[in-house]
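Residue numbering restarts at 1 for every chain, and letters A, B, ... go by the order of the sequence lines. Please read all numbers here as calculations on a predicted model, not as lab measurements.
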2 protein chains.
Amino acid sequence: MTTNKDTNTEQAILEAAKIVFVKKGMEGARMQEIADEAGINKAMLHYYYRSKDKLFEAVFTETFSKLVPNLIEIVKTDISLFDKIRIFVGNYIDIINENPLIPAFIIHELNRNPDRVVELIKSSGINPIFFINQVEKEIIEDIIEPVNPLHLMVNMLAMCVFPFVARPILEGVIFNEDREQYEIFIQERKKEVCDFIINSIKKK
Amino acid sequence: MTTNKDTNTEQAILEAAKIVFVKKGMEGARMQEIADEAGINKAMLHYYYRSKDKLFEAVFTETFSKLVPNLIEIVKTDISLFDKIRIFVGNYIDIINENPLIPAFIIHELNRNPDRVVELIKSSGINPIFFINQVEKEIIEDIIEPVNPLHLMVNMLAMCVFPFVARPILEGVIFNEDREQYEIFIQERKKEVCDFIINSIKKK
DNA sequence: TATTGGTTTAACTATTTGGTTAAACCAAGT
DNA sequence: ACTTGGTTTAACCAAATAGTTAAACCAATA
């Protein structure tokens, strides 16, 4: 009947909604602002996505899934723990660096609707057991020092995510609003965090 | 003129507002909900604090200052880096554990109003230079391995804060909603994080 | 007891905001 | 050219919500 201009508009809405929702969270975002961002009328949002809730749901699911698949692959790959940590940390930091507001977005939603987020994670294929098993295996094989695998994993994730969540603080308090320096810092971290972890668990 | 019942009410409002704001953020919170929580009329909120903004400001400043002074003392104390890390991590985790929603609250506000938060931090007396200097000193004195002090500091903060921000994920995905296990995990971390850090930077 | 002045309440207002609707628009098919 | 059916718009509605106001309340005190 007509061209699939609908796909364009629908996608444009999603992109705009992503920008606004990720920045302001569900409650902070205004439908009007999303419409403006997409350069369309407010009624279009409802035409394509029924309600604010539905639109948010679409944005959240899409945003979340951007973070996951790559990392699942890495964790399942059959390589040494040290290599795995290097690749995981490097990729994770790179991915977040491309969408640096995502962590705060997920944290906000995690507070607002913990069950949904947990459910999403569970059904995403993320399973910490792979990583934990490998750590335990390499401890037994005397490749690394004894270490609690769960704490190790949480430490790794923490060090990757935190600098993005705390970006305004780092940029404002440490780097005197110099974005360049902050970006260098983030790039450094890919090596720095790995060295820090491996240094801590390697056999002496 | 009258008793200082006003102080009671004013304080009651602040407590109630803290609970609601910390949990739901500025936009998610409703004045009516705060009034209900305080067991008073909605108009009282405006009588004592003029506007939602002003009330939020009061809550945020108070909440933030709960986090800071203790830690500033520790950082300035003249003890070895290892001792300092042990005390800092232990105290920081304990303090947050008493108000576990504060980190997410600050993160949310950090996104909404970065400048205000950065200003507040700057004027709070927090100064990373003390910590950084000590790290550099102990490197020169050959007490610890060479390490980038800034990354070290960020790593430490990250590992302390992250488990609270990600609590629903840990509890839901790792501990199968068993709050007890999560609490044990947090307690373990006070030792685990310190060992992890010190292990990484100590001379071999 | 009557006055005073801060405190509290209930009812009200103005505005914001998510959502609806009916009509206009436009590209494709006949 | 005209019909058709999805797309887009402007105007509108209803609910939610921050904020206001005027009157009632109450404890101290003269």
**Q.** Set of residues satisfying side chain to side chain donor-acceptor pair (under 3.5 Å) with respect to B:Glu183, sequence neighbours excluded
**A.** B:Asn97, B:Gln187
Q. Would you say A:Tyr48 reaches D:dT8's phosphate, i.e. side-chain N/O to OP1/OP2 under 4.0 Å?
A. yes
Q. Between B:Asn148 and A:Arg189, does any side-chain donor sit less than 3.5 Å from a side-chain acceptor?
A. no
Q. Can you list the residues that meet the side chain to side chain donor-acceptor pair (under 3.5 Å) rule with A:Asp195, with sequence neighbours excluded?
A. A:Arg86, A:Lys191
Q | Any pair counted as ring-ring contact (aromatic ring centres under 6.0 Å, His included), so long as it reaches residues 23-45 of chain B, sequence neighbours left out | A | none
**Q.** Separation of C:dG18 C1' from A:Asn41 CG (nearest whole Å)
**A.** 14 Å
**Q.** Protein-nucleotide distance (B:Asn8, atom CG; C:dG6, atom C1'), rounded to Å
**A.** 14 Å
Q.
Tell me the interatomic distance from B:Ile40, atom CD1, to C:dT8, atom P, rounded to whole angstroms.
A. 8 Å
Q: Specify the separation, in whole Å, of atom CZ of A:Phe56 and atom P of C:dG19.
A: 14 Å
**Q.** Spacing between B:Leu45 atom CG and D:dT20 atom C1', to the nearest angstrom
**A.** 14 Å
(Q) Enumerate the ring-ring contact (aromatic ring centres under 6.0 Å, His included) contacts for residues 70-89 of chain B, please, sequence neighbours excluded, ordered by first and then second residue. (A) B:Phe88-B:Tyr92
Q: Examine D:dT7: is either OP1 or OP2 under 4.0 Å from a nitrogen or oxygen in the side chain of A:Thr9? Give yes or no.
A: no
Q: Determine which pairs satisfy ring-ring contact (aromatic ring centres under 6.0 Å, His included) with at least one residue from residues 154-177 of chain A, sequence neighbours left out, and list them in order.
A: A:Phe175-A:Phe185
Short N/O separations, protein against nucleotides 21-24 of chain C, under 3.5 angstrom:
none

Q: May I have all residue pairs that pass salt bridge (Lys or Arg N to Asp or Glu O under 4.0 Å) and include part of residues 160-176 of chain B, sequence neighbours excluded?
A: B:Arg167-B:Glu171
Q) Through what angle, rounded to 10 degrees, does the axis of the helix from C:dT1-D:dA30 to C:dT30-D:dA1 turn between its ends, using five pairs per end? A) 10°
**Q.** Any residue meeting ring-ring contact (aromatic ring centres under 6.0 Å, His included) with A:Phe64, in chain and number order, not counting sequence neighbours
**A.** none
**Q.** Gap between atoms NZ and C1', on B:Lys54 and D:dT20 respectively (whole Å)
**A.** 15 Å
Q: Please report the C-alpha distance between A:Arg112 and A:Glu109 in whole Å, then the side-chain angles of each, then the deciding distance to 0.1 Å, and finally whether the salt bridge (charged side-chain N to carboxylate O under 4.0 Å, His left out) criterion is met.
A: CA-CA 5 Å; A:Arg112 210 178 66 95; A:Glu109 184 58 10; 3.0 Å; yes
Q: Could you check how far CD of A:Glu57 sits from P of C:dG18, rounded to whole Å?
A: 18 Å
Q: Any salt bridge (Lys or Arg N to Asp or Glu O under 4.0 Å) involving residues 28-52 of chain A? Give me the pairs, sequence neighbours left out, ordered by first then second residue.
A: A:Lys24-A:Glu33
(Q) Could you work out, with side chain to side chain donor-acceptor pair (under 3.5 Å) as the rule, every residue matching B:Asp94, not counting sequence neighbours? (A) B:Lys190
Could you list, one pair per line, each protein nitrogen or oxygen that sits under 3.5 Å from a nitrogen or oxygen of nucleotides 13-19 of chain D, together with the distance?
from   : atom 1 : to      : atom 2 : distance (Å)
D:dT17 : OP1    : B:Arg30 : NH1    : 2.8
D:dA18 : OP1    : B:Arg30 : NE     : 3.3
D:dA18 : OP1    : B:Lys52 : NZ     : 3.3
D:dA18 : OP2    : B:Met31 : N      : 3.1
D:dA18 : N7     : B:Lys42 : NZ     : 3.4
D:dG19 : OP2    : B:His46 : NE2    : 3.3
D:dG19 : OP2    : B:Lys52 : N      : 2.7
D:dG19 : N7     : B:Lys42 : NZ     : 2.9
D:dG19 : O6     : B:Lys42 : NZ     : 2.8

